[in-house]
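Remember, it's a predicted structure, so these values are computed and weren't measured experimentally. Protein chains get the first letters and strands the later ones, always in sequence-line order, with residue 1 at the start of each.
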Amino acid sequence: MQEETEIGILDILTKINDNTWEVPKSYKPFMRVPGRIFVSETLLHDLDKGTLDQVANVASLPGIQKYSMAMPDAHLGYGFPIGGVAAFDKEEGVISPGGVGFDINCGVRLIRTNLHKEDVRSHMKELVDELFRAIPSGVGSKSRIRASDSELDDIFLHGSKWAVENGYGEKTDLDHCEGRGCIEGADPSKVSEKARSRGKPQIGTLGSGNHFLEVQYVDKIYDQEAADAFGLEEGQVVFMIHCGSRGAGHQICTDYIKTISRASKKYGIQLPDKQLACAPAQSPEAQDYFKAMACAANYAWANRQVITHWTRAVFERFFGRDMDDLGMDLVYDVAHNVAKLEEHIIDGMKKEVYVHRKGATRAFPPGHHDLPDVYKAVGQPVLIPGSMGTPSYVLHGTEAGMGVAFGSACHGAGRVMSRAHAKHEFFGETVKENLEARGITVKATHPSVIAEEAPDAYKSSSEVVDVVHNLEIAKKVVRVLPMGVAKG
DNA sequence: ATGTGC
């Protein structure tokens with residue numbers, strides 16, 4: 001059966017180069033552009049036919065530019081594949097909630113320290129316990145902060161800046177966030193009361209699933225100049241925060257899937273899959289979704305900023321040193337699930353497009369105006385978390401990536417097994433013991449969370465990263481390895 | 001991913 005699936009895929013795809021496979025326009029009559037799937041021959045064996053079909057389905061949407069794309073970590077998602085990238089013309093194109101996903105601005109940030117791995121290794125269990133205590137995690141977890149109505153409006157409007165101005169972090173943190181931790185054009189009046197009430201008690205909470213807070217160390221340098229610019233060196237302790245917009249973003253997506261589904265019919269858009277519901281980019285429906293999505297994205301940036309502050313506080317207490325002494329600067333913060341209005345050069349012309357990245361990382365090149373001065377020479381830090389217990393990577397964006405993939409790269413390891421299947425296949429306690437035998441401390445709300453996130457339920461983050469590196473969509477800077485993980 | 005399942 002497995003064999004048949006593989007043959008099916010190879011019958012459809014045309015090999016462009018070692019890491020690029022095309023879904024020809026002729027594959028389905030509704031395709032407006034070809035699909036492009038960025039995978040190595042090895043990873044092609046993990047590619048599901050359903051994911052390929054989703055790439056083709058996205059290619060049917062009005063105003064799509066160049067290609068419907070999938071990154072090497074792509075797998076089946078709601079309508080659009082996770083690992084999907086698609087850009088739509090600002091005027092003639094569409095905006096689709098399925099192209100962003102339920103966890104709006106699920107993303108990652110990396111914070112450096114002046115600590116060496118040997119300073120923390122023997123204290124890891126206690127440190128993870130402290131982090132677990134300080135940062136609420138798990139489904140439905142509630143924060144020590146409860147946002148008032150006016151605070152929630154500010155969070156929706158200003159993202160990370162709200163957090164910094166309210167004492168959760170440093171002004172310089174903002175320079176080291178994609179878009180300074182904010183999407184412009186957010187409008188809290190477009191967010192339902194239900195989404196608001198879910199959001200109020202959750203600012204500064206980690207969530208569940210693949211979301212985590214990880215203490216890591218830099219284990220390998222690939223690009224010394226870029227590592228220097230990012231403030232990273234071998235043996236150094238760093239920590240990574242991976243989380244999103246929690247219940248608020250989920251509710252906003254749910255609300256607008258209904259609105260946009262009606263709009264698809266109203267505007268007569270033919271859809272090969274209902275889950276691709278979308279509306280003309282400039283329609284009031286699409287613009288309302290965009291304004292609400294921006295609120296969720298900003299909420300997620302504020303959320304990661306508050307968690308950063310509390311994590312810094314844990315380190316300060318734990319090591320009895322202040323954060324300047326500990327050198328806990330934010331390296332960068334990137335979104336993995338978001339739609340943005342960006343300028344790209346298409347067929348030699350500058351053009352504004354709505355780039356949908358769903359399980360994909362923005363990867364802007366050296367010199368781009370959105371980058372802080374310190375990163376202008378090397379390009380944007382691209383943060384790629386591994387699955388639990390496996391390496392994570394920092395890469396930098398490139399000019400080639402702008403041309404090939406609208407300045408985008410992969411976002412992680414990518415599932416090969418559903419959550420349900422993983423829970424059936426693995427025992428959380430055994431997975432935890434295996435990780436501990438390798439010197440990795442894991443603490444979660446429940447063993448089943450560990451089973452769901454077992455490393456074997458995912459592709460290899462290294463193989464995934466090598467594809468974007470070899471294509472030069474983004475280039476490797478450092479590899480980091482986990483020492484301690486706190487998860488929902 | 002998600003106050004986890006019509």
When the side chains of residues 56-70 of chain A are checked against the rest of the protein, which donor-acceptor pairs come out under 3.5 Å, sequence neighbours left out?
{"residue": "A/Asn57", "atom": "ND2", "partner": "A/Asp53", "partner atom": "O", "Å": "3.4"}
{"residue": "A/Ser60", "atom": "OG", "partner": "A/Asn57", "partner atom": "O", "Å": "2.7"}
{"residue": "A/Gln65", "atom": "OE1", "partner": "A/Lys351", "partner atom": "NZ", "Å": "2.9"}
{"residue": "A/Gln65", "atom": "NE2", "partner": "A/Gly63", "partner atom": "O", "Å": "2.9"}
{"residue": "A/Lys66", "atom": "NZ", "partner": "A/Gly403", "partner atom": "O", "Å": "2.5"}
{"residue": "A/Tyr67", "atom": "OH", "partner": "A/Arg36", "partner atom": "NH2", "Å": "3.2"}
{"residue": "A/Ser68", "atom": "OG", "partner": "A/Val55", "partner atom": "O", "Å": "2.7"}

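- Using a 4.0 Å heavy-atom distance criterion, A/Gly244 is classed as making no nucleic acid contact.
- Among the atoms of the strands shown, only primed sugar atoms or phosphate atoms (P, OP1, OP2) are found under 4.0 Å from some heavy atom of A/Gly207.
- Atom-to-atom, CZ of A/Phe102 to P of B/dG5 comes out at 11 Å; the value is rounded to the nearest Å.
- Between the side chain of A/Thr113 and the backbone N or O of A/Val237 there is at least one donor-acceptor pair closer than 3.5 Å.
- Counting heavy atoms from C-beta on, the side chains of A/Leu127 and A/Val314 come closer than 4.5 Å.
- Scored by the side chain to side chain contact (heavy atoms under 4.5 Å, CB included) test, A/Ser96 finds A/Phe80, A/Cys278, A/His356 as partners (sequence neighbours excluded).
- Here A/Ser245 lies out of heavy-atom contact (under 4.0 Å) with every strand.
- Within the nucleic acid shown, A/Glu452 has no heavy atom closer than 4.0 Å to any nucleic acid atom.
- Per the geometry, NE2 belonging to A/His421 stands 24 Å off P belonging to B/dT4, to the nearest Å.
- For A/His446 and B/dT2, the NE2 to C1' distance is 18 Å, given to the nearest whole Å.
- The interatomic distance linking A/Ile252 (CD1) with B/dT2 (P) rounds to 14 Å, in whole Å.
- When rounded to the nearest whole Å, the span between CZ of A/Arg246 and C1' of B/dT4 equals 12 Å.
- Taking atom OH on A/Tyr299 and atom P on B/dT2, their separation rounds to 11 Å, with Å as the unit.
- No engagement by A/Lys358 is indicated, since no non-hydrogen atom pair under 4.0 Å with the nucleic acid exists.
- Between A/Asp173 and the options A/Arg109, A/Arg304, A/Gln305, A/Arg180, a side chain to side chain donor-acceptor pair (under 3.5 Å) holds for only A/Gln305.
- The distance between atom CD1 of A/Ile104 and atom P of B/dT2, rounded to the nearest whole Å, is 12 Å.
- When the side-chain nitrogen and oxygen atoms of A/Arg419 are compared with OP1 and OP2 of B/dT4, none of them lie within a distance under 4.0 Å.
- Atom CG in A/Asp103 sits about 16 Å away from atom P in B/dT4, given to the nearest Å.
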